[in-house]
Each structure stands twice: as C-alpha cells, then as structure tokens.
Amino acid sequence: MSPKELGKAFEPAEAEKRLYHYWLENKFFHAQDTSEAPPFSIVIPPPNVTGMLHMGHALNNTLQDIIIRFKRMQGYNTLWMPGMDHAGIATQNVVEQQLRKEGLSRHDLGREKFIARVWEWKEQYGGVIINQLKRLGCSCDWDRERFTMDEGLSQAVREVFVRLYNEDMIYQGDYIVNWCPRCHTAISDLEVEFKQDQSNLWNIRYPFADGAGDIVVATTRPETMLGDTAVAVHPDDPRYKDKIGKMVILPLVNKPIPIIADDYVTMEFGSGAVKITPGSDPNDFAMAQRHNLEIISVIDGQGLINEYGGKYKGQDRYEARDNVVADLEKEGYLVGTEPYAHNVGQCYRCKTDIEPMVSKQWFVKIKPLAAKAIAAVSKKKTRIVPATWEATYFEWMNNIRDWCISRQLWWGHRIPVWYCGDCGKVIVSTVDPDKCPICDGSSLRQDEDVLDTWFSSALWPFTTLGWPKRTEALKTFYPTSLLITGFDILFFWVARMMMMGLYVMKDVPFKDVYLHALVRDEKGEKMSKSKGNSIDPLLMIDQYGTDAFRFTLAAYTAQGRDVRMSPERIEGYKFFVNKIWNAAKLTLACLADYDENAPLDAPDSLPDKWIKAKLNETIADVIRSLDEYRFNDAAAAVYNFIWHEYCDWYLEVSKPALYGRIGPAEKHAAQRTQREVFGAMLQLLHPFMPFVTEELWQALKGSDEHSIMVSRFPAVREDWNEKDAEKEMEMIMDVITAIRNIRGEMRIPPSHKLTALVSAGDETSREAVERGRGFIVNLANLESLAVDVSLSEPKGVATGVVGGMRIFVPLAGLVDIAGEKTRLEKEIAKVSKDLEQSSRKLANRDFRAKAAPEVIAKEEAKLKEFQEKFTALEGALKKLKDIAG
RNA sequence: GGGCGGGUAGCUCAGCUGGAAGAGCGCCACGCUUACACCGUGGAUGUCACAGGUUCGAGCCCUGUCCCGCCUACCA
C-alpha cells in the first residue's frame, strides 16, 4: 500500500525488459474475440521478414501503440494485430546471396529445395524486427501474430485468386511489362522508380524505300531500333502527310517498315517523326495494338540482345547501344547526337534499369475495383487523415491501370493454376488437383509464377482475422478502426487494401487511415544507408531509453510534416523523463505516511483546486488531440502540464502543506490531491511513455492496483472546474512573478530576502492576496509582506503592476536607482505601445459598430488594464526621479 | 506537364472555425533554496517570403509573384 522508495534515476534498460515481460505474462495485450466492450482494432503494416527496424518503422509503430494504449485504457476491447510480410523479391535475393557464397544458384537446388531453404532462413534469421518492435514497447497481441506465407493466409490468397478468376476479374496475356533483368521478374508499374539520366538524343536517318530522301527520327535508346516495326508521324503534320503509308528501310537491319499516322506523336518534338519499337516501349506497344504492327523483342530477360538482333546477338543492351551508334555513324545514318536529360525507370529493389518487355503475365482488371474504392472514400466510409491526401488518392485511382500480379520468382504464393498436358485445359482451383477434372489425365503442370507480395498484403485486414473462415474475431474486428501508415505506401498498400476489402468483404477494411510523413535527419534530408545519415532507432533506445525516444517521435509528428530527428532532440526528452522521475521522488516521499482512511479532513486548498482545474483542461486537450491524431499537440499538452504546472507551481506551492507545516488536516488534503493528480498525470502520459509511467504507477499504487496500462484513462470531471479558484491562484502567481521579475532584473541574489508591499486596489483583491500570503512569501522569497487596499508609494522602491494592484519592493541599499529607472522605462515603452494600439481600435467607429460585443468588451478590459498599468508605472517613474533629484 | 505541402525568434517547428505573435533548443544574467544543475528564477529576440485585395480587424481568407521540398506523368 505505501509507496516505494525510488532510486536516484530511472534505469530504462533494466525496467523496460522487466515491465515488458510483466505485461506479456499478464496477457494485457490480448484482445477478446467477443466482448461486451466496444471493439477497436488496428492491423500493423506488416514489416518485411527481412526487415530491420528503421526510423520509419519506429515512428509508424510508436503512433500505433500510442493510439492502441489510449483506446485500451478508455475501455475498448483493443486489438493490435501484428505480423510480417514474406517480401518475395527481397527475401529471395537474400537467400540467393547466401547460396552464392556457397557457389550455388537457386537453379542448382531446384524449386522445392530452394523454398525449403528460404523457410530455413526465415526460422533462423527472419523476423528480427518483431523483437525490435517489442523493445519499442509495442503492445501488439502477439498470440495472433501472422505471416503472409502462413497456411491460413496462403489459403485465403488462393480463395481470392479463384474468385477473381471466376468472375473474370483476372486475365492472362502477352503484354508489355516492366522487367527487371537482374531480378528476372516482371514488376508492377508502382515498383518502378524514375531517375533522371544525363544521356543523349540520337538523330537517325531512315531512308525511304523508293530512294526519295529520308526521314529523321530521334531516340534515347538507339539499340532498340533493331526491333523497330514502324515510324510514326502525326496525322495532321503537313510535312509528312503525303508520306503516310510509304515504306522506309530500317538501317543496319535492312528491312522495310511502314510510316504510320497516330496522334500520340508530338509534332513539335524533334523532327516530328518517331521510331516505333513495340517490343521495348510501352507507348510503342500500345500503338502497335492500335495499328496491328508486328511486335519484335530484340532484348531478352537478361538484358542481352537476342537472335532477332542479328550480329549484335549476345551483347548487353548498353554495349549494343554503343555498337549500334558506332555502326550507324560509320554507315552514315547518324545525323547528330545531342545531350539530353530524361527519366529512366529502375527496379525499386535493386536499382537496375527496367527493360520494358513483352511477356505472358497475369493481370487484375482494376477499374471496377477502383470505382468502389473511390466511392467509399468520397462517401466517407473511410476517412483519410490528413484529408489533403484524398486528392492524391482520387487522382491515382482514377488513372489506375491493370495490375500485373505475376512474378517470375520462387518465393511467394504460387499461382493456383494448372495446365493439363493431356487435354490442354486450364484448371484454376483453391486445392491442388491430382488429376484433370475434364479428361482425368494426370499430367498436370502448375503455373510457374508466384503472386506479387502486395497481393497478399492487400488481403491483410481480413486474412489475419481468420478469413475465409467466419471467425468471431473477424465479426468483432472487421472493418478495422484505424490504419496508420506512411504516405509512401498509399498506393502500394492502402489503395489495394481498399479495393480488396470492398471486393471480398463488401466493406471497407478500415474506417480511418492516418498517413504520417517521413522521418528525416536534422537537416531535412531523407535518411539512407548510402548517405550515411540514418539514425539507428535501437541505438537511440539504448542511449536515451524507449520512453524518451517515443516521446520525441510523437512530439515532432505534426500532421503533414516530416519528422526531423536528431539525437539532441531525444536527449531533451530524456531530461523530461528525469524531471518526471524526480517529481515522483518528491511526490512519493510526501505520500509516505498518507493514510487514505484517516479521519482528518480539510477542503481542497487553493492550489489543490487550481491544479485540478488545470489537470481537467489537460485531460480534455489530450483526449481531443488524440481523437484527431494530433500527436504533437497531445504530447505538448502533457509535457506542459507536468513540467510547468505540476512541477513548477503545484509542487512548490504545496510544499509547506505537504511537509506538515500548516497542519495535519491540510497535509492530508494536499496528499489526497497530490496522489490523485499525480496518478492521472502518469495515465495521461502512459501512451507516450509506457515504461517510466508503469514503473511509477506501481510505486505509487503499491500492490493494490494493477498495471497502469489497463487502468481507466482519466476523464474530465465537472467538479474539478473551479474558475474562481483558478483565477485567484493565477493572480497570486502573477504577484509572485512580478516580485521575482524585480529581483531578477535588479540582480538581487536569492540569498537576500526581500520586503514587499502590495497596494491591492480594492477589498476583494486585498483579501485574496492575504489568503495567498503564505504562497507569496515562500515563492517570492520574502522576509515580510504588507498588504492593504491602498498604500501610498514609498520612496526608493521598485514597482510592479498586476491588474489593479501595485507591488512595491524597497531597494534601499540594494541597488542603484538608475537600474530601476531603466527597467521602468522599458516597461512603460512596452505598455504604451499596447495602450496606443488598443485605444486606436476602440476609437474606430466601424469597430464598435461591426465587431462582436464580446470582442469589444474584451478590448475595453484590455484598455483599462493598460491604462492602469501605464499610470502606475508613470507614477513610479516620477517618484523615482523626485528622489533621484 | 499536372498535383500537393512549406517559407513565422539564431535553429527546429506549433499557431484549430480571422479578434492582444507561441513552444522547445540555443543565447544572456543570477543561483548548489533538503525532487531534480538531466535543475531553478528572470531576461532578450520576430516588416509572420513578397506585392496587391477582402474585412472594423489578416500569420490565418482571395489573387498574383519569388524561392524550397515532395508526389505524379507515355513527349521519343
């Protein structure tokens, strides 16, 4: 029952480990499948199984944990669903690299053995990030942890594939796709990153077949000319109108190709004629389809020229480029070369230049899915926060193109399609067939490809809850309440979850999406390994503790803004942890002999009422801010309350009562308030700083109460709103500050106790100051305080003004009068500026006629205050001049 | 080319529906007052990018300009 004694400082490393274990053991993170309590659920953006915790993860998961802890404390049946993603390309790369060290390739092992090897790798090294999330304090329901390659999730993937296929939403075909010659797979449009490249624009002459001159085309990829099957011009181009339909001879290849007309061509660019290579360019491919052109691929999956490239066969595409250019020049076809900057697509995984290539792939018809996803957001079934992202979402969804979902990898969900070697039929099935359902033949061959990893992550919000089974968890928690993720995967993931959720579940996957910004370094640059400016979150945790680190992330997460991270900022919040720790030490010491049931009683003192009113405001502020995902505002509210209200004022002003210098009943009342306020304060802070608050909560409550994380989050209490007490206390604080100001400005050392006189102005104020006498004497460090309704200003004093009150501090023998004169003049200058501004405003007839009455009243009050202050200060200055002579 | 965000104290940023310019860090001065020097008390600092406009009143709303980021796009 009685509070524990605390050590000199909080020891994060030891406490974090111990407390996290305690939470796990007590199953506090565990969500109930069914419950009386309202549900609240978040699915984690599944990190890659190969992933290591970086700043982006740290931010993302800290924010999720803040909300989850907050909602859990508010009494919701809270689920934070954790798990990982199998990351097809990345994981396969890692294991292939491992094999390479042994001198092997995946083909040496064969598909089955390779996959077994990947699983082995996963068991041994995968999922390091899960433990790193635990160090962050994440309160995920680990009992439910899922992996996209799990049995259940894999089955779900098949179900969805088959459903889409049967409803004609999936098709297979030869189309041009983004091919990575290093990963040897197709990737989706989204997985291509464009980088600016300083290259050349080569102008090449294609002679007419009939010998009547030539036509010049410009290209950034001369090597692809080997696969040209046409030259295109704009149908309205007067220069070429009569050339349409004629043939030109393709240089080096010596083959006739036609001149066609298509309004895709920009007349203003180059010569207005463009070479068409349907096998190596998506636009040319589209044109080939419009015009029924022949499609020739001259580059293979390795990025090498193939047999259609004639003598260049076997050369790398860039080597071939040099050779083609050289040959064109030699044979007189090269008209010119000009430097040219253009964008080149690269594989987002390995940064190899993408090769647009025609191949047989699987696609999802996306338009019908996108239409529903668009509607859901415009009807606010799902809310995107901050709302500015909605425009981006709509823009992308409206221009979306079919999604290439097949990947030429081994690690992933293999496409559930089989081909019968006997009757040639295609079988699409959720279960592996052992014979052909059409001809009973047994020579079945499964499609070699696997699905895009994002296909399975798109299903994450319901597959993790057990779908296709209609589980209780699914019923309780779908649609999930909130998704928190970085804006950078709005398209990759959020949009696809929207489409799949609506398609499969007929309901949105989440009600709110909060998109946070990127974490950058202190100079605002994106963190990256190659730049060497990345900060390791685990290092920060080791150095400053998880609490300080998390608080820093929250405090800097303003909506729509990047988070600039630096160790110094984290250190600043480590100081905050220390401050809390020390405040707790004092608080607990004061509560050592507190007996809740003691018969002693006294009403709340003025500071008690004041701190409760302030706490009330803070509670309201924190709840409102968190409800709106304004993390920085919530963090600032708690910070300000703890440091500047509880520590700076409440503890200081209550010391005499707490030390028992006033009386036992007063001591008891102060203890009662302190215990209550301190507890609530820890609760408000807990979502941000889970560890230190738990440690202190248990020290405060002893064994009679459980973990803070399952305690009830504070709510605003009407009986704590004491406006009068708040005002009176603030007036006393102003008096104290005024005296301290004189002390500071006059450079009077604290060792010298001052005398102060207060001329209160009226009886009410006099009484209030009299009531606050003890606080003032203490905190302003006075030796005596005289208070009256009206005191005439003594000679040789420094003067302060608070509302209608004048405060005099005799300076005799302390400082020279000149110092006070300067101080007064400064004050007068300041107040006369305010005075002038205010009176000008009130003199304005339009202002009086048009402004709201309460605004006018407020302005009048201000004016009165300024006038009083001005008069008082002027008087003081005059007096000072009188004695100065 | 299209779209979005930003330009507020030396630095990093708050500032919700327009009614006295804020915080943290840094800086200056004074202090080891029995929770805390990872601290306390006090102080200084702003043509709120620029130019117009709306309004009694603009950091906030409108128009234009200039910078800086990011996203997106098939001009070879």
Side-chain angles (χ1 to χ4, degrees), chain A residues 6 8-9 194 201-202 217-221 232 264-277 281-287 340 342-343 386 388-389 391-392 395-396 399 487-488 490-491 517-518 520 522 524 526 548 555-556 558 560-562 564 566 568-569 571-590 624-625 628 630 632-633 636 639-640 644 647-648 651-652 655 659 737 740-751 778-781 826 834 837-838 841 844-852 854-856 858-859 862 865-866:
Chain A
L6 296 176
K8 179 124 181 67
F194 286 92
L201 194 58
W202 286 274
V217 297
T219 182
T220 53
R221 297 201 63 191
Y264 157 76
V265 180
T266 310
M267 287 189 267
E268 293 75 30
F269 191 91
S271 65
V274 56
K275 68 190 232 13
I276 302 299
T277 321
D281 183 286
N283 303 307
D284 295 2
F285 182 83
M287 202 180 298
Y340 191 69
H342 68 132
N343 291 330
T388 46
W389 287 104
T392 311
E395 169 71 14
W396 188 74
N399 298 306
F487 68 82
D488 49 329
L490 176 61
F491 307 139
L518 250 53
R520 296 171 178 279
E522 69 264 62
K526 205 167 166 174
Y556 283 100
R561 276 254 191 176
D562 289 336
R564 294 204 186 186
S566 75
E568 292 75 46
R569 283 171 201 178
E571 191 185 26
Y573 288 109
K574 190 191 125 197
F575 296 162
F576 179 44
V577 174
N578 184 251
K579 183 75 181 176
I580 297 162
W581 187 260
N582 281 293
K585 262 165 58 182
L586 175 62
T587 299
L588 296 183
C590 290
R624 195 184 333 110
S625 300
E628 294 170 14
R630 294 191 346 256
N632 59 325
D633 288 341
Y639 181 94
N640 186 57
H644 299 304
C647 292
D648 286 354
L651 284 181
E652 293 304 328
K655 273 177 184 173
Y659 291 162
T737 304
R740 283 173 169 176
N741 173 288
I742 290 167
R743 181 191 292 278
E745 293 266 287
M746 297 290 110
R747 297 188 191 167
I748 302 162
S751 54
N778 252 314
L779 296 194
N781 193 18
K826 211 169 68 183
D834 292 338
Q837 212 173 26
S838 190
K841 206 167 191 177
N844 186 332
R845 229 175 301 147
D846 286 327
F847 176 72
R848 288 197 175 276
K850 291 175 185 170
E854 62 268 22
V855 172
I856 297 172
K858 200 173 158 195
E859 197 62 40
K862 266 161 58 183
E865 188 193 315
F866 295 149

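Letters go in sequence order (proteins before strands), and every chain restarts at 1.
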Whole-Å distance between [N] [atom2] and [X] [atom1]?
X: A/Leu586; N: B/rU34; atom1: CG; atom2: C1'; answer: 10 Å
X: A/Lys585; N: B/rC39; atom1: NZ; atom2: P; answer: 14 Å
X: A/Asn781; N: B/rG40; atom1: CG; atom2: P; answer: 17 Å
X: A/Asn399; N: B/rG1; atom1: CG; atom2: C1'; answer: 14 Å
X: A/Glu652; N: B/rU34; atom1: CD; atom2: C1'; answer: 12 Å
X: A/Glu568; N: B/rC38; atom1: CD; atom2: P; answer: 16 Å
X: A/Lys8; N: B/rC39; atom1: NZ; atom2: P; answer: 12 Å
X: A/Asp488; N: B/rG5; atom1: CG; atom2: C1'; answer: 16 Å

Sugar-phosphate, base or nothing in reach of [X], heavy atoms under 4.0 Å:
X: A/Ala583; result: base
X: A/Lys655; result: base
X: A/Cys590; result: nothing

Separation between [atom1] of [X] and [atom2] of [Y], rounded to the nearest 0.5 Å:
X: A/Lys8; Y: A/Trp581; atom1: NZ; atom2: CH2; result: 12.0 Å
X: A/Ile748; Y: A/Arg740; atom1: CD1; atom2: CZ; result: 14.0 Å
X: A/Tyr264; Y: A/Ile276; atom1: OH; atom2: CD1; result: 7.0 Å

Of the non-hydrogen atoms in A/Thr392 and A/Phe491, which two are nearest, and what is the gap between them?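 So the minimum-distance heavy-atom pair works out to CG2-CZ, 3.6 Å.
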
Would you name the heavy atoms of A/Ala218 and A/Leu201 that are closest together and state the gap between them?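 Shortest heavy-atom contact: CB-CG, 4.0 Å.
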
A/Tyr340 and A/Phe269 aromatic ring geometry - parallel, tilted or perpendicular at 30°/60° bounds: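 Perpendicular.
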
Assign the ring pair A/Tyr573 / A/Tyr639 to parallel, tilted or perpendicular, where the plane angle (0 to 90°) is split at 30° and 60°.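 Perpendicular, since the angle between the ring planes exceeds 60°.
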
Would you say the side chains of A/Lys585 and A/Thr587 form a donor-acceptor pair under 3.5 Å?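 Result is no, nothing qualifies.
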
When you compare [N] with [M], how far apart are their [atom1] atoms, in angstrom units rounded to a whole number?
N: B/rU54; M: B/rU63; atom1: C1'; result: 11 Å
N: B/rG18; M: B/rU55; atom1: P; result: 16 Å
N: B/rG59; M: B/rC50; atom1: P; result: 11 Å
N: B/rG3; M: B/rA73; atom1: P; result: 15 Å
N: B/rA9; M: B/rG15; atom1: C1'; result: 14 Å
N: B/rA51; M: B/rC66; atom1: P; result: 15 Å
N: B/rU17; M: B/rC4; atom1: C1'; result: 23 Å
N: B/rG42; M: B/rU33; atom1: C1'; result: 16 Å

Does the protein touch nucleotides 69-76 of chain B at the base, only the backbone, or not at all? Give it as B, S and - per nucleotide, heavy atoms under 4.0 Å. -S-SBBBB

For nucleotides 15-30 of chain B, 5' to 3', base contacts (B), sugar-phosphate-only contacts (S) and non-contacts (-) with protein non-hydrogen atoms under 4.0 Å give ----BB---S----SS

With both distances kept under 3.5 Å, what pairs with [N], Watson-Crick or G-U wobble?
N: B/rU17; answer: none
N: B/rA51; answer: B/rU63
N: B/rC32; answer: none
N: B/rG5; answer: B/rC68
N: B/rA73; answer: none
N: B/rG57; answer: none
N: B/rC27; answer: B/rG43

Could you walk me through whether A/Thr277 and A/Phe285 pass side-chain contact (heavy atoms from CB on, under 4.5 Å), step by step? CA-CA 7 Å; A/Thr277 321; A/Phe285 182 83; over 6 Å; no

Under 3.5 Å, which protein N or O atoms sit close to an N or O of nucleotides 43-48 of chain B? Give each pair with its distance.
unit_1, atom_1, unit_2, atom_2, d
B/rG43, OP1, A/Asn741, ND2, 2.9

Show your working on side-chain contact (heavy atoms from CB on, under 4.5 Å) between A/Asp633 and A/Glu628 and close with a plain yes or no. CA-CA 10 Å; A/Asp633 288 341; A/Glu628 294 170 14; over 6 Å; no

A/Tyr556 ring centre to A/Arg564 NZ or CZ under 6.0 Å, with the angle to the axis within 45°?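 No, A/Arg564 does not lie over the aromatic ring of A/Tyr556.
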
Salt-bridge criterion met for A/Lys862 and A/Glu859 (N-O under 4.0 Å):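 Salt bridge flag = yes for A/Glu859 with A/Lys862.
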
Can you check whether any acceptor in the base of B/rC36 is under 3.5 Å from a donor in the side chain of A/Lys579, or vice versa?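 Yes, a donor-acceptor pair under 3.5 Å.
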
Test A/Asp648 against A/His644 for side-chain hydrogen bond (donor to acceptor under 3.5 Å, both in side chains), laying out the working first. CA-CA 5 Å; A/Asp648 286 354; A/His644 299 304; 2.9 Å; yes

Closest to the A/Arg740 side chain, choosing from B/rU41, B/rC56, B/rG5: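 The closest nucleotide is B/rU41.
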
Indicate yes or no: at least one non-hydrogen side-chain atom of A/Asn741 is less than 4.5 angstrom from one of A/Arg743.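 Side-chain contact under 4.5 Å: no.
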
